[in-house]
Structure formats: structure tokens, C-alpha cells
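Just below is one structure, and these are the notes that go with it.
The model shown is predicted, which means the values in this text are computed figures rather than measured ones.
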Amino acid sequence: MDVVPSWNRRLVPRGKAVSHLHLPDGILPLWLVLAGWSVTLLLLFFSLRRARGPGGRAALPRLGFLSALMVVAMSAEILPLPYHLDLSVVAGILLGPSAGFLAAFIVDLVLALLGHGGLTVIGLNAPILAIEVVLGSILFRAMRRRGISSVLAAAATTALVLPLSTGAMVAVVWLARIDPARLHEGLAPPDFSLFLAITYGLGSIGWLLEATVTAGIVRYLARVRPGLIEEA
């Protein structure tokens, strides 16, 4: 049974009701695209500088594996919800903020080349996904220092961070002054309040699902490769 009625299903970006903009080139205003790319290039500059430091090369295989895993997760829709997993918090936990952002950028680039949004939108998608990666890394470490178990910290971090990245995605749509119906082809009422309700309504289900999966991955790694979690 479909969660979203057929007449308004197109209000939500297909494949994800949260923080990834599947917009083609030419939809967003130029000033917003340039602002997004300015932030992205700045984050790339600092992330690459950090990656050249001690341990940067050692983390490359992990970065490549997690990037590939995120691409697979973001390409697989979880029916009947218009949602797919990110695993961005997992990347933040295992890679840290800098390498985690590099993974997020790589994922956005690959997805754009596969047709999940235009190339110009990468500059906005990367900072939005960086919210999940960077804050996920910081919050997880903060909770671990307070003695919270890794599994509970992973679940709580995911549940706290995803609404923030969703808010950033909604802010982009609002700043662009585009009809929510244009997020995807289809006939949908251009009602921003309805778009907001559907995005957060379905998003809350997705956040719980992602928190459960993230906690499960962290629990598994804590058993078979505890060093990865302890390094975090």
C-alpha cells in the first residue's frame, strides 16, 4: 500500500524524502548554484589539506569502500516509501569529518553522473550531506566521551542529524522559490506547506529506519572490528 497518494507523490524527491536534491540542471537560480559551489570548494580545500596529514593515505581504502557503499545505498529505493538510505553518519563515524566530506562529495558526483540530479546541484547536495557526515562524526564522539554505548550513540546521532539536513534541503527549495512540484516531473499541486508536511512526515519514518541500520552496522563492527569504532 502506497504511503503517499498518487496525486501528490511527486511532491517528494523520488527515492528520498529527506536531504538529497534530485534536480536537473537549470532549475535552481544561478546565485544559489554559485553559492553552493563556493561552500563546496571551500570544504574540499580544507578536507584535502587534512587528508594529506598523518594517516590520510591509510584511510584511503576505507574512504573508497564507504563511498561505494553509500552510492549503492542511495541508489536503492526502499518501497513503498520514497526513501533510500544514506549511510552518511556511518561514513562520519568511521572516517571523521574531513575524509567523510570527501566521501560525500564523491558520492554526489557519481550519483550526478548516473542521472540522480544535475552536475550544478552537486554544489548544494555536498554541503547538505556534509551536515550528516560532519555533525554525525562530532556528535558520535561527544556521546562516546560521555560513556554512552557505541550502538546507542550511533542511533541517537542519526536521529538527531537527519532532521537538520532535511531542514537544509527544504531551505534550498524555499530560497530557490521553485514550486515543490518541479522537484520531479509530474502533476502535483504547488503547495509548499504540503511538500513540507510530506517531507517531514515520511522523513521521520526514514530517520528511524536509518538510525536502526546505522546502529546495526556499528554493533556489528564493534564485535568483529572493535578497533574501527575505538578509533572513532
Side-chain angles (χ1 to χ4, degrees), residues 15-20 43-44 47 50-51 55-56 58-78 81 83-111 114 116 125-146 148-169 203-232:
K16 191 175 186 194
V18 197
S19 60
H20 201 79
L43 292 173
L44 273 176
S47 297
R50 291 289 300 274
L60 285 178
R62 194 185 307 172
L63 188 153
F65 172 77
L66 286 169
S67 298
L69 189 62
M70 290 171 68
V71 168
V72 172
M74 291 189 185
S75 302
E77 185 174 348
I78 301 175
L81 297 175
Y83 185 89
H84 61 63
L85 297 174
D86 271 359
L87 302 184
S88 51
V89 175
V90 175
I93 292 172
L94 297 179
L95 293 174
S98 298
F101 174 75
L102 293 178
F105 178 80
I106 292 170
V107 169
D108 281 323
L109 177 60
V110 172
L111 289 176
L114 293 176
H116 289 242
N125 275 331
I128 291 174
L129 203 56
I131 294 174
E132 302 176 11
V133 173
V134 175
L135 290 185
S137 175
I138 293 173
L139 286 177
F140 179 81
R141 286 162 172 75
M143 291 184 186
R144 291 290 289 141
R145 285 194 294 268
R146 290 182 174 273
I148 299 175
S149 70
S150 58
V151 175
L152 182 57
T157 295
T158 305
L160 290 171
V161 166
L162 290 183
L164 298 178
S165 60
T166 301
M169 183 273 291
S204 61
I205 301 174
W207 303 332
L208 293 176
L209 177 62
E210 181 108 21
T212 302
V213 172
T214 301
I217 292 174
V218 169
R219 181 180 182 183
Y220 174 76
L221 291 176
R223 289 182 175 181
V224 300
R225 292 288 302 276
L228 291 177
I229 305 300
E230 293 304 321
E231 289 177 10

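Minimum heavy-atom separation, Ala168 to Ile128: CB-CG1, 4.1 Å. Residues Ile148 and Ala153 approach most closely at CG2-N, 3.8 Å, considering heavy atoms. Between Leu66 and Ala91, the shortest heavy-atom contact is CD1-CA, 4.2 Å. Taking every heavy atom of both residues into account, Leu135 and Thr157 meet most closely at O-CG2, 4.4 Å. Between Ser88 and Leu129, the shortest heavy-atom contact is CB-CD1, 4.0 Å.
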- Task: Take Met74 and Leu114 through the side-chain contact (heavy atoms from CB on, under 4.5 Å) test and state the conclusion after the steps.
- Result: CA-CA 11 Å; Met74 291 189 185; Leu114 293 176; over 6 Å; no
- Going through the checks in order, is the side-chain contact (heavy atoms from CB on, under 4.5 Å) test met by Ile106 and Leu63? CA-CA 10 Å; Ile106 292 170; Leu63 188 153; 3.6 Å; yes
- Under the side-chain contact (heavy atoms from CB on, under 4.5 Å) criterion, do Met70 and Asp86 qualify, and how do the steps go? CA-CA 6 Å; Met70 290 171 68; Asp86 271 359; 5.8 Å; no
- Where do Phe140 and Ile229 land on the side-chain contact (heavy atoms from CB on, under 4.5 Å) test, with the steps shown first? CA-CA 10 Å; Phe140 179 81; Ile229 305 300; 4.3 Å; yes
Under 3.5 Å, which donor-acceptor pairs link side chains of residues 211-220 to any protein atom two or more places apart or in another chain?
residue, atom, partner, partner atom, Å
Thr212, OG1, Leu208, O, 2.8
Thr214, OG1, Glu210, O, 2.8

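At distances below 3.5 Å, at least one donor-acceptor pair connects side-chain atoms of Arg141 with backbone N or O atoms of Ser137.
Atom-to-atom distance recorded for Ser150:OG and Met143:CE is 12.5 Å, nearest 0.5 angstrom. Leu152 CG to Arg144 CZ: the interatomic distance, rounded to the nearest 0.5 Å, is 10.5 Å. Remark: Ile131 CD1 to Met169 CE distance equals 11.0 Å, nearest 0.5 Å. Interatomic distance, Leu95 CG to Leu60 CG, rounded to the nearest 0.5 Å: 10.0 Å. Note that the CG atom of Asp108 and the CG atom of Asn125 stand 5.0 Å from one another [nearest 0.5 Å].
No side-chain heavy atom of Leu43 sits less than 4.5 Å from a side-chain heavy atom of Phe105. Under the 4.5 Å side-chain criterion, counting only non-hydrogen atoms from C-beta, Val161 is not in contact with Trp207. Between Leu162 and Thr158 there is a side-chain heavy-atom pair separated by less than 4.5 Å.
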